[in-house]
Number of protein chains: 2
Amino acid sequence: MDIQLKRGLLDVCVLAAMRSEDSYGYKIIKDVKPYVELSESTLYTILKRLENAKMLTVRTVEHDGRLRKYYHITEDGIRRIEEFKDEWKEVDAIYQFVIKEGES
Amino acid sequence: MDIQLKRGLLDVCVLAAMRSEDSYGYKIIKDVKPYVELSESTLYTILKRLENAKMLTVRTVEHDGRLRKYYHITEDGIRRIEEFKDEWKEVDAIYQFVIKEGES
DNA sequence: GCGTAATACATCGTATCACGAAGTATTGAT
DNA sequence: ATCAATACTTCGTGATACGATGTATTACGC
């Protein structure tokens, strides 16, 4: 899938993946994999960005003798998802324009 | 609208705008405006990129004593629009994931 | 006649961002 | 013992949207 199309989807995908319960890096990648391919370096960049934007909080937990970072979505993060749903109306309008104008 | 979401839409929008008939910079901006806001600097960057990718050809025409560049979509450009339609199935699946996981 | 908006195209610099590459460290199966 | 899987981190790079700025002409109101 085109890299450019993924942008704008990734952040909100990651947020959605931790919406119902807190999650951690490796799990997020696996959960999202059926929909978008997401490399580790990309994910950790996104998580850092979302943390700076206060859309999630981090908690380090020891799990089987190894440290694991759990990510928890904040109110701002939830609001971001809601905003995204609204923005999607505009995106869909653009899509309609493309398929209408771009008829074969 | 979020910049990131626009990426991947813009190129194909510009191509769609010249699908039914050849167009030029200023007209493309006006035609696309109801759907996406597009600055001149961005458009000319996109047109240059699409030209390099052989998705369009350029023709300079004198119009009211002033030069005007007409852009014509190529076979490759049309193919790009068709590809986009296919990719949209994946994009929609991602959207479904976000609204399902991100339920209030 | 003069200013201003609209038309039309072009260039430069910057900030954002996805990703590959490479690294560290542990657990568990072959 | 070796290798895959789990788990997180850092660095550098290329792509790219956009604001700022510039050039030049036409058209309209005052």
Side-chain angles (χ1 to χ4, degrees), chain A residues 1-15 17-18 22-33 35-53 55-71 80 87 90-91 94, chain B residues 1-15 17-18 22-33 35-53 55-71 80 87 90-91 94:
Chain A
M1 181 176 165
D2 180 45
I3 301 171
Q4 302 309 317
L5 263 180
K6 286 167 79 170
R7 295 172 98 113
L9 261 1
L10 287 181
D11 279 34
V12 96
C13 248
V14 169
L15 285 173
M18 66 183 75
D22 293 358
S23 192
Y24 55 93
Y26 230 69
K27 184 165 188 296
I28 293 170
I29 289 176
K30 279 197 292 181
D31 288 346
V32 166
K33 208 184 187 94
Y35 307 97
V36 229
E37 207 61 43
L38 182 60
S39 73
E40 288 179 270
S41 58
T42 301
L43 177 65
Y44 290 108
T45 308
I46 291 170
L47 287 170
K48 198 78 206 150
R49 182 163 65 238
L50 292 174
E51 193 192 346
N52 290 338
M55 294 196 188
L56 55 81
T57 53
V58 194
R59 173 172 49 100
T60 303
V61 175
E62 184 156 339
H63 179 86
D64 287 337
R66 166 186 346 184
L67 291 180
R68 189 186 266 176
K69 282 186 163 186
Y70 275 90
Y71 297 93
R80 177 72 193 90
E87 282 180 330
E90 291 172 57
V91 172
I94 297 171
Chain B
M1 180 178 163
D2 179 46
I3 302 172
Q4 302 309 317
L5 264 180
K6 286 166 78 170
R7 296 172 98 112
L9 262 358
L10 287 181
D11 280 33
V12 96
C13 249
V14 169
L15 285 173
M18 66 183 75
D22 294 359
S23 192
Y24 55 93
Y26 229 70
K27 184 164 190 296
I28 293 170
I29 290 176
K30 279 197 292 181
D31 288 346
V32 166
K33 207 185 187 90
Y35 307 98
V36 230
E37 207 62 41
L38 182 61
S39 74
E40 288 175 60
S41 58
T42 301
L43 176 65
Y44 290 108
T45 310
I46 291 170
L47 287 170
K48 198 77 208 153
R49 183 163 64 236
L50 292 173
E51 193 191 346
N52 290 338
M55 293 193 189
L56 55 80
T57 53
V58 195
R59 174 172 49 102
T60 304
V61 175
E62 185 155 340
H63 179 84
D64 286 338
R66 168 187 341 186
L67 291 180
R68 187 186 266 176
K69 282 187 163 187
Y70 275 92
Y71 298 92
R80 177 72 192 90
E87 282 180 330
E90 291 172 57
V91 172
I94 297 170

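Atom-to-atom, NE2 of B/His63 to P of C/dC9 comes out at 10 Å; the value is rounded to the nearest Å. Rounded to whole Å, the distance from CD1 on A/Ile46 to P on D/dT10 is 16 Å. One interatomic measurement links the two molecules: CD1 of A/Ile29 to P of D/dA5, which rounds to 14 Å at whole-angstrom precision. The separation between B/Leu38 atom CG and D/dG19 atom C1' is 14 Å, rounded to whole Å. In this structure, CD of B/Glu40 is placed 12 Å from C1' of D/dA20, rounded to the nearest angstrom. In this structure, the CG atom of B/Leu50 is 15 Å from the P atom of D/dA15, given to the nearest Å. Rounded to an integer number of Å, the gap from B/Glu62 CD to C/dC9 C1' is 15 Å. If you measure from atom CG of A/Leu47 to atom P of D/dA7, you get 14 Å, rounded to the nearest angstrom.
Checked for salt-bridge contact, A/Asp11 and A/Arg49 meet the test: a charged N lies under 4.0 Å from a carboxylate O. Remark: B/Glu62 does not engage B/Arg66 in a salt bridge, criterion side-chain N to carboxylate O under 4.0 Å.
Remark: A/Arg68 is not in phosphate contact with C/dT26, judged by side-chain N or O atoms under 4.0 Å from OP1 or OP2. Here B/Thr45 does not reach the OP1 or OP2 of D/dT16: none of its side-chain N or O atoms lies under 4.0 Å away. Close to C/dT7, at under 4.0 Å from its OP1 or OP2, lies a side-chain N or O of B/Lys30. At the phosphate of C/dC9, OP1 or OP2 sits under 4.0 Å from a side-chain N or O atom of B/Tyr44. Between B/Lys6 and D/dC18 there is a side-chain polar atom (N or O) within less than 4.0 angstrom of OP1 or OP2. Using a 4.0 Å cut-off, some side-chain N or O of B/Lys69 falls inside it from OP1 or OP2 of C/dA10.
Distance from the side chain of B/Ser41 is smallest for C/dC12 among the nucleotides C/dA18, C/dC12, C/dT27. The side chain of B/Arg49 lies closest to D/dA17, out of C/dA10, D/dT9, D/dA17. For A/Gln4, taking side-chain heavy atoms from C-beta onward, the closest of the listed nucleotides D/dC8, C/dC9, D/dA17 is D/dA17. The listed nucleotides are C/dA18, D/dA17, C/dC9; the one nearest the side chain of B/Leu10 is D/dA17. Side-chain proximity of A/Arg66 to C/dC19, C/dT27, C/dC9: nearest is C/dT27. The A/Arg7 side chain lies nearest to C/dA18 when the options are D/dC8, D/dT16, C/dA18.
Considering only heavy atoms from C-beta on, B/Thr42 comes within 4.5 Å of B/Leu10 through its side chain.
Distance check, rounded to the nearest 0.5 Å: OG of B/Ser23 to NZ of B/Lys69 gives 14.0 Å.
Comparing B/Glu37 and A/Tyr70 by the nucleotide of DNA chain D whose heavy atom lies nearest to each, the residue mapping closer to the 5' end is A/Tyr70. Residues B/Lys48 and A/Ser39 both approach DNA chain C. Their nearest nucleotides, taken by heavy-atom distance, put B/Lys48 toward the 5′ side.
For the pair A/Glu51 (side chain) and A/Val58 (backbone), a donor-acceptor distance under 3.5 Å is absent. Under a 3.5 Å cut-off, the side chain of B/Lys6 and the backbone N or O of B/Leu38 do not form any donor-acceptor pair.
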